[in-house]
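Throughout, numbering of the chain's residues begins at 1 and tracks the sequence. Atoms within each ligand, like the ligands themselves, are counted from 1 in listed order. What you are looking at is a predicted structure, and each value in this text was computed from that prediction instead of being measured.
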Amino acid sequence: MSRPICDFVENYCKALPDRYHMPGHKGRKFLGCEPYDITEIDGADELFLPSGIIEKSEAAASRIFGAKTLYSAGGSTLCIQTMLYLTALLAREQGKIPKILAGRNAHRAFINAAALLNIEIGWIYPKSGTYETCRVSETEVDEALKGGDYTAVYLTSPDYLGNTVEIQKIAAVCHQRGLPLLVDNAHGAYLKFLKTSQHPVDLGADLCCDSAHKTLPVLTGGAYLHIKNGAPKVFFARARSCMALFGSSSPSYLILQSLDLMNDNATDFKDRLREYLPKAEALKREIRRLGFLISGDEPLKLTILPNDFGYSGSELNEILIEHRIFSEYHDEMHLVLMLSPYFDDGVHRRLLNVLSGVKKRPAIKKTAPPIPRPEAVLSPNEALFCKTEEIPTEKAQGRISGVSVVGCPPAVPLVVSGERIDEAVIDALRFYKKEFVTVIAKES
Ligand SMILES: Cc1ncc(COP(=O)(O)O)c(C=O)c1O
């Protein structure tokens with residue numbers, strides 16, 4: 001496999017050049033990585049108009065993913081902005097007003113992009129479950145699509161806790177109606193490398209983003225935008241210009257080299273993953289045997305529900321920190337640990353040692369209030385330009401939210417900008433200890 005971006009930068013460094021160009025560190029070592037941190041100099045190609053090493057590297061990634069794959073040095077956030085812009089272009093091309101049906105557990109990057117692009121959102125709520133998941137079925141999506149002039153469907157899978165939705169069935173529903181399916185696969189880049197790929201593009205998604213940095217050996221910020229073969233032509237024609245609209249004109253070449261190197265590492269990663277998965281399953285089995293509940297169906301997420309064991313997620317996290325074990329996320333009800341084929345055996349052993357020393361206590365009985373379904377009074381775009389003020393949550397009933405409030409990381413928002421704060425929202429805000437809330441000022 002080739003690694004054109006890495007090769008170019010390596011050769012450039014070896015030539016000991018006089019760097020009369022950005023960045024200002026001139027390749028001197030301050031952090032240590034500066035010699036490799038170049039910019040779009042001659043021969044280094046251009047991220048949003050590639051015709052050289054970046055084009056070659058992306059072509060290699062496209063072969064791996066079986067799609068048209070574009071690099072992002074701005075995380076999945078940039079890819080989500082691009083996906084929304086592309087679907088808005090498609091809708092306009094078809095003479096329609098863009099309107100997206102979205103799972104309510106969308107990341108704020110989605111809400112912000114929809115607000116900026118003035119795209120209407122119709123939410124699909126989970127029938128049951130917690131604030132962190134939105135496991136909707138194909139029947140629920142089909143039902144929801146009957147209720148509006150939607151031009152696309154947007155889902156988040158896997159979610160932060162490691163739950164996935166049935167992309168294949170939902171894609172079929174979307175395609176029957178001639179609608180593209182967009183998937184936020186920020187947490188699932190590695191799904192491509194399972195024995196049978198579970199990657200959303202292979203399951204029928206037309207557009208999909210992966211935060212390569214979350215689950216692959218890629219530097220923070222590295223992500224992919226995938227366009228499925230056979231997707232609407234406008235997606236291929238405009239993807240780069242859409243990305244350029246939101247992305248920095250100075251993409252990090254450290255990130256680009258890291259994405260480039262991933263192509264070279266793909267086979268090794270796949271082999272390691274296959275070898276590691278039984279160990280991950282064994283770890284989960286052992287933790288269950290100790291008496292802890294585990295949720296989620298995604299192999300590389302370990303989501304412990306410790307309330308039955310008598311601990312909050314944050315309390316259990318404190319115990320882990322005492323032993324220098326750091327989690328991805330914790331709250332009252334969850335402790336999320338991200339697993340990796342790069343772990344050595346000692347990593348699992350140390351976790352099991354600590355967990356086996358935790359004394360069981362009486363169960364904590366705590367349930368989150370029902371997920372609110374507030375009325376949308378203004379679109380997120382209208383709300384974006386209103387004057388806002390911060391007020392105590394207890395005085396916010398009836399007011400319109402000026403920002404989106406998410407109780408914990410990517411999860412069902414308690415309220416989205418432009419929605420009216422009702423009693424159910426206040427209950428949820430109280431539960432998540434949000435004492436103040438930003439609302440639209442009365443005079444705006
Ligand atoms: C579900 C989900 N989507 C999108 C994002 C944004 O991804 P990035 O940080 O790569 O921009 C995140 C980040 O945590 C996420 O959890």
Side-chain angles (χ1 to χ4, degrees), residues 47 61 69-85 100 102-116 121 123-124 126 129-136 153-165 167 181-191 198-201 205 207-226 242-243 245-248 251-252 254-256 258-259 262 296-298 300-303 326-331 334 336-339 404-413 416:
L47 180 59
T69 298
L70 275 62
Y71 290 161
S72 158
S76 277
T77 300
L78 176 58
C79 304
I80 291 168
Q81 292 161 337
T82 306
M83 294 200 295
L84 262 58
Y85 190 11
I100 300 186
R104 180 72 172 184
N105 62 339
H107 187 265
R108 66 185 141 90
F110 169 79
I111 302 168
N112 293 342
L116 286 170
I121 309 171
W123 294 108
I124 177 159
T130 69
Y131 282 79
E132 292 75 19
T133 56
C134 187
R135 286 183 113 165
V136 290
V153 174
Y154 180 97
L155 295 173
T156 304
S157 176
D159 63 30
Y160 213 79
L161 300 188
N163 300 290
T164 54
V165 294
I167 301 287
L181 173 64
L182 284 50
V183 177
D184 174 348
N185 182 48
H187 290 256
Y190 80 96
L191 296 173
Q198 293 299 314
H199 193 276
V201 167
L207 289 173
C208 169
C209 68
D210 302 347
S211 294
H213 67 93
K214 290 194 199 300
T215 59
L216 301 178
V218 169
L219 290 180
T220 298
Y224 305 115
L225 171 69
H226 306 290
C242 289
M243 255 189 167
L245 182 80
F246 292 104
S248 165
S252 160
L254 293 175
I255 295 175
L256 296 179
S258 179
L259 287 165
M262 179 59 215
D297 57 357
E298 191 220 302
L300 291 189
K301 276 268 169 60
L302 169 53
T303 300
F326 288 82
S327 66
E328 165 61 27
Y329 171 69
H330 55 89
D331 66 10
H334 311 94
V336 180
L337 305 168
M338 292 180 76
L339 308 179
S404 302
V405 185
V406 186
C408 33
V412 174
V416 166

Inset, instruction - Between Arg108, Glu328, Lys214, flag the one that comes closest to atom 13 (C) of ligand 1 by a heavy atom. - result: Lys214
Inset, instruction - Go through ligand 1 atom by atom and flag the ones less than 4.0 Å from a non-hydrogen atom of Ser76. - result: 7 (O), 8 (P), 10 (O), 11 (O)
Inset, instruction - Using a strict cut-off of 4.0 Å, indicate which atoms of ligand 1 neighbour a heavy atom of Ile80. - result: 4 (C)
Inset, instruction - Enumerate the atoms of ligand 1 whose separation from the nearest heavy atom of Thr156 is less than 4.0 angstrom. - result: 1 (C)
Inset, instruction - Would you mind listing which atoms of ligand 1 come within a distance below 4.0 Å of any non-hydrogen atom of Gly75? - result: 10 (O), 11 (O)
Inset, instruction - Could you list the atoms of ligand 1 found under 4.0 angstrom from a heavy atom of Ser211? - result: 7 (O), 8 (P), 10 (O)
Inset, instruction - With sequence neighbours left out, write down each residue that passes ring-ring contact (aromatic ring centres under 6.0 Å, His included) with Tyr154, or none if nothing qualifies. - result: Phe110
Inset, instruction - Measure from NZ or CZ of Lys214 to the centre of the six-membered ring of Tyr190 and say whether it is under 6.0 Å with the direction within 45° of the ring axis. - result: no
Inset, instruction - Give the atoms of ligand 1, by number and element, whose distance to some non-hydrogen atom of His213 is under 4.0 Å. - result: 8 (P), 9 (O), 10 (O)
Legend entry - Asn105 heavy atom under 4.0 Å from ligand 1: no
Inset, instruction - List in chain and number order the residues that pass side chain to side chain contact (heavy atoms under 4.5 Å, CB included) with Ser157, two or more places apart in sequence or in another chain; answer none if no residue qualifies. - result: Thr164, Val165, Ile167
Legend entry - Aromatic plane relationship, Tyr224 with Tyr71 - under 30° parallel, 30 to 60° tilted, over 60° perpendicular: tilted
Legend entry - Cys208: which of Val201, Leu182, Leu181 passes side chain to side chain contact (heavy atoms under 4.5 Å, CB included): Val201
Legend entry - Where ligand 1 meets Tyr160 - atom numbers and elements under 4.0 angstrom, heavy-atom basis: 16 (O)
